[in-house]
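The analysis underlying the following values was restricted to heavy atoms, covering all of them including side chains, and did not include hydrogens, waters or symmetry mates. Lettering follows sequence order; numbering is per chain, from 1.
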Number of protein chains: 2
Amino acid sequence: MAAPQMPPPDYAASAPEVGTPAFSPLYQQIKGLILQSLQAGEWKPGEAIPSEMELAARFRVSQGTVRKAIDELAAENLVVRRQGKGTFVSTHAEQHVRYRFLKLMPDAGDREEEGPATRSILDCKRVRASAEIARALQLRTGDAVIQVRRVLAFGGVPTILEDFWLPGANFKGLSADQLATHVGPTYVLFEHEFGVRMVRAEEKIRAVAADAPQAALLALPQGAPLLSVERLSYTYNDVPMELRRGLYRTDTHHYRNDLS
Amino acid sequence: MAAPQMPPPDYAASAPEVGTPAFSPLYQQIKGLILQSLQAGEWKPGEAIPSEMELAARFRVSQGTVRKAIDELAAENLVVRRQGKGTFVSTHAEQHVRYRFLKLMPDAGDREEEGPATRSILDCKRVRASAEIARALQLRTGDAVIQVRRVLAFGGVPTILEDFWLPGANFKGLSADQLATHVGPTYVLFEHEFGVRMVRAEEKIRAVAADAPQAALLALPQGAPLLSVERLSYTYNDVPMELRRGLYRTDTHHYRNDLS
DNA sequence: GAGTGGTCTAGACCACGCG
DNA sequence: GCGTGGTCTAGACCACTCA
């Protein structure tokens with residue numbers, strides 16, 4: 001910075017408008033700026049972001065302030081710090097966070113032993129959003145969405161039947177072939193091919209009985225109890241980007257959740 | 001501290017033993033010391049812990065180091081910071097974290113509108129731990145445990161049927177009457193009457209079909225799909241203190257989970 | 001050895017809660 | 001007005017990675 005012993009910059013920058021306290025610490029503002037660059041794709045998933053010193057210089061704040069901003073981004077799993085190497089835009093492709101959003105675990109052993117799922121794409125088509133789908137994805141009824149139905153099998157056993165819907169505007173050209181042949185989690189495909197990174201999700205879980213078609217696809221008797229998992233996934237800025245409705249077999253697997 | 005410009009204390013204090021890197025930052029050590037005091041009950045749930053300055057003086061470190069230790073404890077929900085007031089030992093009694101471990105939400109409205117659950121204690125007895133229960137609670141088969149069965153109703157509708165097991169040694173004298181008449185969450189009763197604070201839990205969730213007795217207790221037809229939630233709750237130090245097996249109706253409620 | 005994130009300190013000032 | 005936690009800075013040194 002120019003002069004030493006400078007008074008702290010006016011970090012309560014936002015004008016104190018009526019009705020809004022509108023005080024925002026400097027590090028929150030820096031966090032917002034970094035977030036903007038992430039959204040804008042200035043740094044792609046897996047790439048390093050500038051070092052703390054560089055960012056401090058760019059934003060004219062101390063390293064400690066940048067550090068606190070990055071700390072929060074790391075806590076939200078938007079970036080990953082690696083000592084001695086740098087800070088990286090996080091991605092669903094990393095080994096230890098692969099299948100971050102899939103909480104279904106085999107009762108015995110772990111997912112490594114079990115190996116990756118076998119995907120069968122049953123359907124992949126462009127349709128018009130129903131009122132319900134449109135509401136969830138913050139679109140208008142009748143807007144184009146891509147609808148996919150698939151079955152995931154673990155160790156040869158069909159275990160998950162799911163449908164998902166994606167905004168047509170963001171996933172132009174997504175094909176059944178792509179979905180069937182890409183390697184790794186589907187969310188990695190979304191990152192690489194469509195530049196859409198899911199950063200968080202909300203799930204609503206219920207127990208339901210399999211109807212005839214569902215039972216057939218999962219090789220179960222009709223009426224078998226299934227876990228219904230409705231997931232709404234968001235990109236940056238709380239923009240919903242995928243609605244997914246899954247039915248999970250839970251006779252050999254369970255949904256695992258850690259509370260704290 | 002005594003002398004200014006002192007070199008930093010040997011914060012890699014732990015002896016570098018063979019095979020273990022055993023480097024632990026100062027703030028982690030401080031965190032451990034605070035944790036010990038929490039476990040020992042030096043400060044009770046709801047009480048304030050000493051101020052950051054006091055702790056810094058006690059441990060002969062800077063306020064910043066204490067701050068970082070407390071930051072982590074706060075992130076783990078063991079303490080709650082309140083600006084201008086102090087840092088408090090967290091408790092299940094606080095309004096905004098009540099029912100922290102109960103993720104079942106009404107489909108419409110929130111839990112405030114719905115009001116508190118009505119508890120019916122069906123059973124509360126001292127029994128000997130089965131092999132399975134003993135393993136989960138890290139006891140020996142045949143050790144005394146308290147077994148409770150109860151039904152929770154929301155708005156008059158029986159919604160949760162659950163059994164839970166507690167180590168007999170830690171819950172001496174727990175009675176059906178206590179369980180029926182106490183106010184607020186049962187985990188608050190555990191804190192106040194038995195000094196046991198649950199700090200985290202792991203849940204395994206499945207879909208199951210109600211058998212005849214279960215169906216009767218929940219006023220449902222036999223075979224109705226139910227969410228099976230097995231929860232293992234831990235106190236400080238990763239000591240398991242409760243095994244709970246719940247069956248949740250999910251026709252008017254859902255299990256809500258946020259992923260990030 | 002250079003560069004990155006990680007730790008630690010000391011001191012200043014701000015926002016909040018309460019008497 | 002005082003004490004609390006919250007923010008910000010500047011500078012030093014440590015641990016890790018890689019060339």
Report task. Report yes if the side chains of B:L102 and B:R111 come closer than 4.5 Å at any heavy-atom pair, otherwise no. Result ->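 In short, these two side chains touch, coming nearer than 4.5 Å.
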Report task. Indicate yes or no: at least one non-hydrogen side-chain atom of B:L243 is less than 4.5 angstrom from one of B:F164. Result ->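 With C-beta onward as the side chain, the pair stays apart.
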Using whole Å, report how far [atom1] of [X] lies from [atom2] of [N].
{"X": "B:Q28", "N": "D:dC14", "atom1": "CD", "atom2": "P", "answer": "19 Å"}
{"X": "B:Q63", "N": "C:dT7", "atom1": "CD", "atom2": "P", "answer": "18 Å"}
{"X": "A:E54", "N": "C:dT4", "atom1": "CD", "atom2": "P", "answer": "6 Å"}
{"X": "A:M53", "N": "C:dA2", "atom1": "CE", "atom2": "C1'", "answer": "13 Å"}
{"X": "B:Y27", "N": "C:dT9", "atom1": "OH", "atom2": "P", "answer": "13 Å"}
{"X": "B:E52", "N": "D:dG6", "atom1": "CD", "atom2": "C1'", "answer": "8 Å"}
{"X": "A:D71", "N": "C:dT4", "atom1": "CG", "atom2": "C1'", "answer": "15 Å"}
{"X": "A:K68", "N": "C:dT7", "atom1": "NZ", "atom2": "P", "answer": "15 Å"}

Query - Charged N-O contact under 4.0 Å between A:E230 and A:K204 - result: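 Result for this pair is no, no salt bridge flagged.
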Report task. Strictly below 4.0 Å, heavy-atom distances to any atom of DNA chain D: list the hits from residues 77-90 of chain A, or just say none. Result ->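 Heavy-atom cutoff 4.0 Å gives A:Q83, A:G84, A:K85.
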**Report entry** Residue-phosphate contact under 4.0 Å: B:S51 side-chain N/O, D:dT4 OP1/OP2
**Finding:**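 Affirmative; the distance criterion is met.
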Query raised in the report: Under 4.0 Å: is that the gap between some side-chain N or O of B:R67 and OP1 or OP2 of D:dG6?
Result: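 True: B:R67 side-chain N/O within range (under 4.0 Å) of D:dG6 OP1/OP2.
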Report task. Return yes if some donor-acceptor pair links the side-chain N/O of B:R150 with the main-chain N/O of B:I160 below 3.5 Å, else return no. Result -> no
Report task. Mark yes or no for whether B:N77, through its side chain, and A:S260, through its backbone, hold a donor-acceptor pair below 3.5 Å. Result ->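 Flag set: sc B:N77 to bb A:S260 pair under 3.5 Å.
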Query - Residues B:H253, B:Y248; criterion ring pair (Phe, Tyr, Trp, His ring centres under 6.0 Å); working and verdict - result: CA-CA 8 Å; B:H253 291 66; B:Y248 298 2; 9.4 Å; no
Requested in this report: May I ask you to decide if the ring planes of B:F101 and B:Y187 are parallel, tilted or perpendicular, using 30° and 60° as cut-offs?
Outcome: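 B:F101 and B:Y187: perpendicular rings.
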Requested in this report: Between B:T65 and A:P50, just flag the one whose closest nucleotide in DNA chain C comes earlier from the 5' side.
Outcome: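 It is A:P50 whose nearest nucleotide is closer to the 5' end.
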Query - Out of C:dC8, D:dC8, D:dT4, whichever nucleotide has its closest atom nearest the side chain of A:L26 - result: D:dC8
